[in-house]
Structure formats: C-alpha cells, structure tokens
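One structure below.
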Protein chains: 2
Amino acid sequence: MSTILDVCKLAGVSKATVSRVVNGTGQVKESTREKVFSAMQSLGYRPNRLAQALATNKTHTIGLVVSDFDGIHFGSLLKQAAASAEFAKKQLIVTDGHNDPNYEYEMIMQLEAQCDAVILYSRTLTDDHIQRLHQQLTIPIVVINRDLPEQLFHSVSFQQEDAVKLMMGHLLDNGHRQIACITGHMMNPTGVARLNGYKHSLAELGVEFNEKLVRNGDYHMKSGYQACKELIHDGISFTAIIAFNDCMALGALRALTEVGIKVPEQISIIGIDDDPVSEFFTPRLTTVKLPIADMTKQAVELAITLCDETKATHSYQYKGQLIERESVMPVK
Amino acid sequence: MSTILDVCKLAGVSKATVSRVVNGTGQVKESTREKVFSAMQSLGYRPNRLAQALATNKTHTIGLVVSDFDGIHFGSLLKQAAASAEFAKKQLIVTDGHNDPNYEYEMIMQLEAQCDAVILYSRTLTDDHIQRLHQQLTIPIVVINRDLPEQLFHSVSFQQEDAVKLMMGHLLDNGHRQIACITGHMMNPTGVARLNGYKHSLAELGVEFNEKLVRNGDYHMKSGYQACKELIHDGISFTAIIAFNDCMALGALRALTEVGIKVPEQISIIGIDDDPVSEFFTPRLTTVKLPIADMTKQAVELAITLCDETKATHSYQYKGQLIERESVMPVK
DNA sequence: AGCACTTAAGTAACCGGTTACATTGAAAAT
DNA sequence: ATTTTCAATGTAACCGGTTACTTAAGTGCT
C-alpha cells in the first residue's frame, strides 16, 4: 500500500503538492499535476481515509446504532440506510447496543470521532440518555421512530397510536366489536403507544376493553400463530384480529387456516407495516403501511445534511396509511 | 471531545504513560494509574479510534462489500454479518458496488486502510478481478457464495447445482416430468449453475429439455407470480414448478391460487432458501434450505481469524438440505 | 532595470494516538 | 560504598495525511 511519500519521491515534489493535486485545491502547474498523476497511477496510490479523517476532522461516514439486530424492522432499515448512505458517497458504520442502554450509550459516544453524524434507532435508551447524548456529542444525532419531546432533537418518527386507530377504525366501521389484539413487546414505547391506540379506539365507541382478547407477541410470525392458537384454544369469542405487525397477522392467518376458519368470511384480520409478503398471502392482507424505508431514507438524508449545515432542529412525522385488501369484511 | 493531551495535563504525566494505562501495557505505578484513571473519568476521555488505527495499523473493523443492496439475500446477510462482527467486538463498514465491477473493485481497494479484512459478496466481479484483488490487497479477503478456483481464496460457498438437483430429484421421485422452472438473473454464476442443475437432472432421467417451461425471474415474489401467470396464459402443460428461490415459488403459488389451481393436488411447487415465511403459507412450502445466515457467520468468523493469523487458504462449502413440507405430492 | 504582484511549490506544524529508546531513581547485589 | 538491575516515566519519531505560512520564481508595468 503506497503512501503519499511514495508519490512524492516518484514525482519529485512535496507532500503539500501531492495533497493539492489529490484534492484539487490550490494552484498547481499543469506539468506538475501530470507528473503527480502519473506517479499516483503507476503506484496505484489511494489516499488513506483514516489519515485524511484525522487531519480534516471529516470522516464521510455516518454511524447507525440500533438497540438490537434482531429488531423486526432492522433488515429493511439497514438495507435502506446502506443504500442511502452509499448514494451520498458516505460510508456506513453499523453498531448494535445489545439491548443494554449503558452499553449502547457508550457505543454511540465511541462513534464520535469516527462519524460525521449518527442515526439512532433505539428502543432501550431513555429520553434522558438521548438528552445527554445530545449535549455531549459534538456531532448531530438523528433519532428514528421514536417520539421525543418536541423540537428538541432531530427526529423521524411515526404516529404509532394514530396508525392503530386507523386499523381499529376500519374494523369498527365494518361492524366488528369483539376484536382480538396481538401485541408486540410491551417494554418499549412503540408497543405501549399501539396498545393505547387499541384501547382508546374501543373507548371512543364505548366498547368495553376485554383483557382476554389481548395476547402478547414478539413481532415474529410464530408468535402471531401461537397467540391465535391460544385464543382459539381458550374459546374466546371474537370476529376480528388486529396484530401489531403484518408478520404476526400472517401467523394468525395461518393458525386460522389450519383449523379451518375462513378469513375474512368468519374472521377478519388486519396488520400493520405493509410487509412486501402481505399481498401474496391468501387472502391478501389488509394492513396499514408503515413506511420504514422512506423514514430511513429521510433520516439518512437529514443526517447527511446536518454534517455540513447548521443545527436548527428538524423533525419529520410519518402517518400510517390504510391499504385495503382482502382480509377484512363486514361482520355478519 | 477531550484528547490524550487533556488527560496528560490533568494527570500531570506524558502521553506515553496515558497510553500505557489506557492499553494496560508496560509498567505503571499504581498511584499514577489512579491519577490517570480519574483524569480520564472526569474528562470523559475516549481514545480516538481513528488515531489508534492510524498508529497501530489495526482498525478492528471489517468491511462488507456487496454488488448491490437490492440483492435478495442482502437483508439477512447484512443482519448476520452485523451481529457476528459485533459479537467479536469488530465494527462493520458496509459498501455496495452499484453492480459495476470496476466501481466495486475500487471500493474494495479503498477499504484497505480502513479494515482488517473484507468480506465480498459479489455477483459482478469476475474471477480475474478477484484474483487481482487478492494479489494487491494487504488484507485478507473472504469471498462468500461464489465458486472459485479451488484453494486459491478464502471462501464460503454453496453447492448451487447440487441444491437444484436435490429439488429436481424430489420432484422426479414424485413422478413429475413436466417441470416448469422459474429462474433468477442469468447474468451471474448462481443463476447459471442452478439452471445447469435443472438441465442435468432432466438429462440424467432422459427427460427432454423444453425451453417453454423455463421463465426468467428476478428473485422477487412478483416475478414468480408473473412467470407463473405467463405459463398458465401460454397454455403450457406442467405438473410441477421449481423456482430459484422461495419468494418466487410463493409468488407462483399465489398465481395458481388466484386462478383456482390447487397446490399440491394439481401442481407441485418447490423453492430454495427456506425463507422464514415459507412455512406460513398454505400449503407450507417444500424447499431446500440455503443456510445464508450460517454461511455469513462462518465468513465473518473466518475474516476475523484471518485478521490476526496466518494465511493458509480456508474454504467452506455448504450443501442444500431438502425440507419436505406440503407443496409437493406425487403426480397422478 | 526595478518594483509590485501573482503563481507554484516547499516547510513545518498539526490531527491523536503508539512505541522504541533514553533517562531517572531506588532497590538489590557485591 | 559502589555497581548492577530494574521499575517507572519521559522523549521523540512515527502513522499518513492537510494546511497556514513562507519562499522562490515568473510576469507585467512603468
């Protein structure tokens, strides 16, 4: 791996000159430029990005920190983040926090020298942690999918509760009153907000909340499947199922299909996410779209903007959008 | 962001001493160590990894280069890679090559100073490119999911052709002779190897190859759906479908379901991958497992090993494994 | 020819660490 | 008491770049 010094020797010029032609800064005589170029060429010289970063305090890298790689949206998030970063010619460093807020905090602080900005998709960090990060870090931080005290941070979030209300509204409009609910993890804000959406929708129509209709899932298909099996096994009566993501809805669909219950004729199902697979199941799943890719793209673009520009707080809120397909029909 | 010099001043010692206590190297008097520790503490000092990397020529980072983020396995690959790297306390830098071999080549060369090893999941780079990379790079490179001249490189690969033979064998054993084939991109080695598997299996049983039974797909559900619709529309006669991944198989399943053709009673379907969703469709999809997560884990571990150790060529080959579920039955 | 001004290139400090080597002081050995 | 030994620390070079400042060589103008 040749360094700038090798180029200097071969071209017979100083480091400064090589640096100038590499970066296209300052004045360099055409003939010198050519000498340097051909030296670089024949050595296969490539500037060491680490050294550049150290010298300029610009890394052209953005950090992505997630609480846990097993999170359900992580795949598409990472994919979109990688694509968006790449598009802007930034590198992406990926880190997870092992679901441990302190560890995660430390990881983020570590990234400071290595990134120009960091994107945080956390479900374990408290608001207080994030607050502190914001104060301590000299680089901007963009928080994704998290509702935070307004106007305090750069953030890209999703209206969780409203999205669930949209789902419930659709079910209620179709006459459903006994609506089973398959939740996600209840330790994090998303799960809580969504459950609130469920409860509030019920309350608004004066339908009594029935604990037996609520089952915990973990966002994976299997848990939706199991939750639904339990519901059936327990002999609970319901006409519709709302699941806190499409995967679990699809798992529930499978469970119903197995025992010969027809969807949507006997039971309606609605999910959230608009997972690409949802429209390939039979019946095609009705859902509320959660535009995680768009949100991620927005977050990365915001982060990149913040690398160079001022610090006025930006925040974007995304709303769910009902996608009617075939898994919901009016109750008989 | 405080530097080592700040710590020096506060603790009243030299850079060397601070470095020693940070790294636990050399001899340091206990009382000095404490002074330094408390200085670090009160400053919230964290060593600059960039500077460390530059000085030690150790980055504790591995690079992951893929041809294109849209590749079908990319999500799970990235997820597993991120998790494995994290587990070994390495950072991960992710880059894609825009499906352009020269750009990709350049990206990899760029990574040299930033990583201790790189993992390459490429479908555009030629063997010759990889050969050259191997010669030029001073860091090890692990090639994943690619069959290369034996013993030349570190690699983790999958027996593509054999896997398809496994699928075909299962269909043929069940009496199928008119087997439609939904392929993937045919520009890359994987697609070609798989199609060979299809052809050779047919040839071994003396079944004539019929071009009309072969349709190109792009590994996404929609393309499987469309390919199947075309097959039906063209009035081609077949008793089974083999698809070059589960997604397309599932798309085909959907297409058949839509037109009222029963799977597997009328038509059998087999896929490859063992996508997590496959067992939630009805009927549950019979498939051949492609252990992409295991392979990725292996590749990352290999890469990490190579960071420190010698250079004897390692290569791992994975085989497909038939997972019989419900989408294949004997032909009538 | 003499002067100011511009262009082209070099010098050296700096980014934030590591590390080979030198130095110091005290304990151990003679 | 003197020498040896070694633990503890400092000095300075180095990693591979960037960049403010300086210097040298042209160029144009009177």
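Residue numbers start from 1 in every chain, and the chains themselves are labelled A, B, ... in the order their sequence lines are given, proteins ahead of strands.
- In this pair, Phe153(A) and His134(A) present their aromatic rings perpendicular. The plane angle is above 60°, beyond the 30 to 60° band.
- In this structure, the NZ atom of Lys35(B) is 13 Å from the P atom of dA8(D), given to the nearest Å.
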Side-chain donor-acceptor distances from residues 41-50 of chain A under 3.5 Å, at least two apart:
from, atom 1, to, atom 2, distance (Å)
Ser42(A), OG, Ser38(A), O, 3.3
Ser42(A), OG, Ala39(A), O, 3.2
Arg46(A), NE, Glu106(B), OE2, 2.7
Arg46(A), NH1, Gly44(A), O, 3.1
Arg46(A), NH2, Glu106(B), OE1, 3.4
Asn48(A), OD1, Leu50(A), N, 2.8
Asn48(A), OD1, Ala51(A), N, 3.2
Arg49(A), NE, Gln110(B), OE1, 3.3
Arg49(A), NH1, Gln91(A), OE1, 3.4

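- Between its opening and closing five pairs, the helix from dA1(C)-dT30(D) to dT30(C)-dA1(D) changes axis direction by 50°, a value rounded to 10 degrees.
- The shortest non-hydrogen separation linking Ile93(B) to Ile93(A) is CG1-CG1, 3.9 Å.
- In this structure, Tyr316(A) places its OH atom where more than 12 heavy-atom neighbours from other residues, nucleotides or ligands lie under 6.0 Å away.
- Using a 4.5 Å heavy-atom threshold, the side chains of Leu120(A) and Leu125(A) count as touching.
- Counting non-hydrogen atoms of other residues, nucleotides and ligands closer than 6.0 Å to CG of Asn23(B) gives a total above 12.
- Residue Gln27(B) contributes atom CD, which lies 16 Å from atom C1' of dC21(C) at whole-angstrom precision.
- Rounded to a whole Å, the NZ atom of Lys29(A) is 10 Å from the P atom of dG10(C).
- Between the Thr59(B) side chain and the Gln114(B) main chain, a donor and an acceptor come within less than 3.5 Å of each other.
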Just by protein heavy atoms under 4.0 Å, how would nucleotides 13-19 of chain D read 5' to 3' in B, S and -?
--BBBBB

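- For Phe87(A), the CZ atom sits in a loose shell: 12 or fewer heavy atoms of surrounding residues, nucleotides or ligands are nearer than 6.0 Å.
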